[in-house]
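In this text the structure is predicted, and so the values were computed from the model without any measurement.
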Amino acid sequence: MNYENNKTNKSRFSFPLLKHKIALLSLIIMSLLPGQLISAQALKPIKSYSFSERIYSIQSDTTQHYLLVNTRSLTKSGKYLKNKGLMILFDLTTEKELWRKPFNYAIQTAFIYPDGVLVKNDFKSTTLYQFADGKKLWNIDGTFTIYDNKTDKLFWYKYSAYKANDKHLNYRDFKTGKILWTTTLPHKYGWKDLYIVNDSVRLIVSDDLHLINIHNGSGYHYTAETGEIRHSDRITNFFVTALSVGFLGIYAQPKVSYVKNTYSNIIYQDAHYYMADSKNLFCLNDTLGEVWKQTLPKKLISSSHILSDSTHIYMTNYGRENTNDKEIGIPFIACYNRKDGHLIYLNQIKDKKAQIHNSFHKGNKEYILFDKEIVCRTLSTDSSEVKVMPWDAKKYGNLNSIVFNDVYFANADSTIFRKMSSDYYRILLLTDTNTICEVNEEMQVVVAHPFSECFYPAAQSKNEILLEGYGTLFLTNSLGMLQRKIKDVIYPLNTSGNHVYVISKEKDKVLDITLR
């Protein structure tokens, strides 16, 4: 943020003391008036950049220098041309278009990275274009899995939408596309997670667990059960070849179900890794050697969450993992000894399949959200008992999740916005009717806020907050008092520093909102 120079600051406070006090008092009174709008002279003007075609999406870079605009082309009668558009790179410093290229929004996605504009072409290939003139720097078959922003490198599988089981993982230089090393790393269930262990090592969960040295691709591996493929035969087609062989032929094509993501988060504690997959809870040392393993109940397990204290591992099985045709798993809670993995207790908290939507902790208590009830348990080795708290789903809607981020609640005329976030005393719960309920420790609703009263911060500076509000943006001061409404915009927003970029409702302009 730009600060005023010393000369300006000196002149501001050079008037007599009495005049200074009167002016300061006036400023305080103005800031406390409900809904008081700041003067037009103090508000930053909103710039707009016009484009000849309908804007499909925008992306800004973190340096506030480039704006990437994807458009959809129109016929002379104003109808969208199928899958046809443009990719335009706009320089925000000079406010000029640098270059444009044909863009098929149905099969292409474009991203701004520090070294250029990267375009994925429907899993078939990936291309990097230079900022200055749009020159193609490289084009490579396949698509990258993840960008390592710590090293400006790409983890890369050569695969297509029709063949997602290539086992060769490349580590490529972003600027040149050159392969630095290749290793064998299966991923028939798809890429899952990457954790930064230190400057040289990444922990990858891709079917199994892999500790990879990013300098040469060497590492350690542990076989896990993070998914499975289920086959079952079914009749899928009939064909008649009476003219050639004179009989009716019937063949069966196997039905394939992919069960994915049947694993927990990973805990790294005291140089050991703890994780649950679809069959076991296990502890590994820092070279992925198995320290202990505890078998999990086969018919119950699905995706899960674990946490630990100094001596124990607590596990919550969510009872939610989808195959192509059905859900698997039944919710349960469990406690294990962290040193040797022996089971202390396991309590099945539902008799049948029922999904846990979310869980959260307050002190030594865990609250588990189902559709129409909340289950509370104490994180203790003494007891596996749970307390069931009913939820009035008819009045407030089915429970969906806890709201961890800040939410702003508006007064009747949306001129004052009160910030609220989940803390030790109040919890914000979101339902499937988009109602946010403030609840106390007993999960009783204190206040229920309808969808129309809930606003989320899109950007914030020292002096101003920009809130999203269903086609309208609300610019407030740091106290939550309204300064300006910006109507008829399309989300999502793009933020770069103290600049916010958003598409106009007509999809022909990009608005540039600068926060003070």
Side-chain angles (χ1 to χ4, degrees), residues 46-144 147 154 160-161 174-177 458-459 468 471 473 486-497 499-514:
I46 297 176
K47 291 184 178 180
S48 66
Y49 307 109
S50 299
F51 295 88
S52 57
E53 298 199 352
R54 289 290 184 270
I55 299 171
Y56 178 67
S57 65
I58 59 173
Q59 185 185 156
S60 56
D61 71 333
T62 56
T63 64
Q64 305 177 34
H65 189 53
Y66 297 114
L67 184 69
L68 183 64
V69 180
N70 295 326
T71 71
R72 294 180 66 175
S73 301
L74 300 174
T75 64
K76 292 182 179 180
S77 60
K79 295 182 179 180
Y80 285 120
L81 286 171
K82 185 177 181 180
N83 302 342
K84 187 176 181 181
L86 293 172
M87 176 175 62
I88 301 170
L89 189 68
F90 189 82
D91 189 319
L92 292 163
T93 302
T94 62
E95 299 186 5
K96 293 181 179 179
E97 179 183 315
L98 295 178
W99 48 263
R100 58 174 58 194
K101 295 181 181 296
F103 185 79
N104 186 337
Y105 56 86
I107 63 172
Q108 291 183 305
T109 50
F111 310 89
I112 293 181
Y113 281 90
D115 298 310
V117 176
L118 200 72
V119 179
K120 290 185 178 183
N121 300 286
D122 196 25
F123 299 103
K124 296 178 181 178
S125 65
T126 305
T127 308
L128 180 67
Y129 295 100
Q130 190 166 273
F131 282 131
D133 54 10
K135 178 183 176 182
K136 185 185 296 184
L137 298 176
W138 50 257
N139 180 77
I140 302 171
D141 290 342
T143 184
F144 73 98
Y147 171 68
L154 299 169
S160 70
F174 190 99
K175 295 179 182 178
T176 64
E468 296 184 38
L473 295 174
I486 305 166
K487 297 182 178 181
D488 299 328
V489 294
I490 297 174
Y491 304 134
L493 311 181
N494 282 257
T495 59
S496 296
H499 288 258
V500 180
Y501 303 96
V502 63
I503 304 171
S504 67
K505 185 179 180 180
E506 295 78 16
K507 300 182 181 181
D508 61 344
K509 297 183 182 68
V510 175
L511 305 182
D512 180 352
I513 305 164
T514 306

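Atom-to-atom distance recorded for T495:OG1 and I513:CD1 is 11.5 Å, nearest 0.5 angstrom. Atoms CG and CD1, from L67 and I112 in turn, are 7.0 Å apart once rounded to the nearest 0.5 Å. Interatomic distance, CG of L92 versus NE2 of H499, reported as 8.0 Å (0.5 Å rounding). Once rounded to the nearest 0.5 Å, the distance linking OG of S73 with NZ of K82 reads 15.0 Å. From D141, atom CG reaches atom CG of N121 across 10.5 Å, with rounding to the nearest 0.5 Å. Here the CD atom belonging to Q59 is positioned 10.0 Å from the OG1 atom belonging to T109, to the nearest 0.5 angstrom.
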Dump the intermediate steps for ring pair (Phe, Tyr, Trp, His ring centres under 6.0 Å) on F174 and Y147, then the final yes or no. CA-CA 9 Å; F174 190 99; Y147 171 68; 5.5 Å; yes
Check the pair F90 / F51 against ring pair (Phe, Tyr, Trp, His ring centres under 6.0 Å), numbers first and verdict last. CA-CA 10 Å; F90 189 82; F51 295 88; 5.8 Å; yes
**Message:** Is there a side chain to side chain contact (heavy atoms under 4.5 Å, CB included) between F111 and L68? Walk through the geometry before answering.
**Reply:** CA-CA 8 Å; F111 310 89; L68 183 64; 6.0 Å; no
Derivation and outcome, side chain to side chain contact (heavy atoms under 4.5 Å, CB included), residues Q108 and N70
CA-CA 10 Å; Q108 291 183 305; N70 295 326; over 6 Å; no
message = Evaluate E95 against K47 for side chain to side chain contact (heavy atoms under 4.5 Å, CB included), listing each step before the verdict.
response = CA-CA 11 Å; E95 299 186 5; K47 291 184 178 180; 3.0 Å; yes
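E53 contributes no side-chain N or O that, together with a main-chain N or O of G85, makes up a donor-acceptor pair within less than 3.5 Å. No donor-acceptor pair under 3.5 Å is formed between the side chain of W138 and the backbone N or O of T126. Not a single donor-acceptor pair under 3.5 Å links the side chain of S504 to the backbone N or O of D488. Looking only at distances, no side-chain donor or acceptor of E97 sits under 3.5 Å from a matching main-chain atom of I88. A donor-acceptor distance shorter than 3.5 angstrom exists from the side chain of S496 to the backbone of D61, with no hydrogens or angles considered. Judged by distance alone, with hydrogens and angles left aside, the side-chain atoms of N494 form a donor-acceptor pair with the main-chain N or O of I58 at under 3.5 Å.
Using a 4.5 Å cut-off on side-chain heavy atoms (C-beta onward), L128 and Y113 make no contact. Counting only heavy atoms from C-beta outward, the side chains of I55 and I490 never approach each other to under 4.5 Å. Under the 4.5 Å side-chain criterion, counting only non-hydrogen atoms from C-beta, E468 is in contact with L473. Residues Y129 and L137 form no side-chain contact, since every pair of their non-hydrogen atoms from C-beta on lies 4.5 Å or further apart. The side-chain heavy atoms of Y56 and I503, taken from C-beta on, include no pair separated by under 4.5 Å. Residues N83 and I107 form no side-chain contact, since every pair of their non-hydrogen atoms from C-beta on lies 4.5 Å or further apart. Considering only heavy atoms from C-beta on, K101 stays 4.5 Å or farther from V119 through its side chain.
For the residue pair A132 and W99, the shortest heavy atom distance occurs at O-CD1, 4.0 Å. The heavy-atom pair separating K84 from Y105 by the smallest distance is N-CE2, 3.6 Å. Shown here for I140 and G177, the closest heavy-atom pair between the two residues is CD1-O, 3.5 Å.
Applying the side chain to side chain contact (heavy atoms under 4.5 Å, CB included) test to D91 and every residue at least two apart in sequence or in another chain returns H65, Y66, T93, T94, L98. R54 pairs by the side-chain hydrogen bond (donor to acceptor under 3.5 Å, both in side chains) definition with nothing, not counting sequence neighbours.
Counting heavy-atom neighbours within 6.0 Å of K120 NZ, excluding the residue itself, gives a total above 12.
Results of the side chain to side chain contact (heavy atoms under 4.5 Å, CB included) test with V502 over I46, L511, D512, I486 single out L511 as the only residue that passes.
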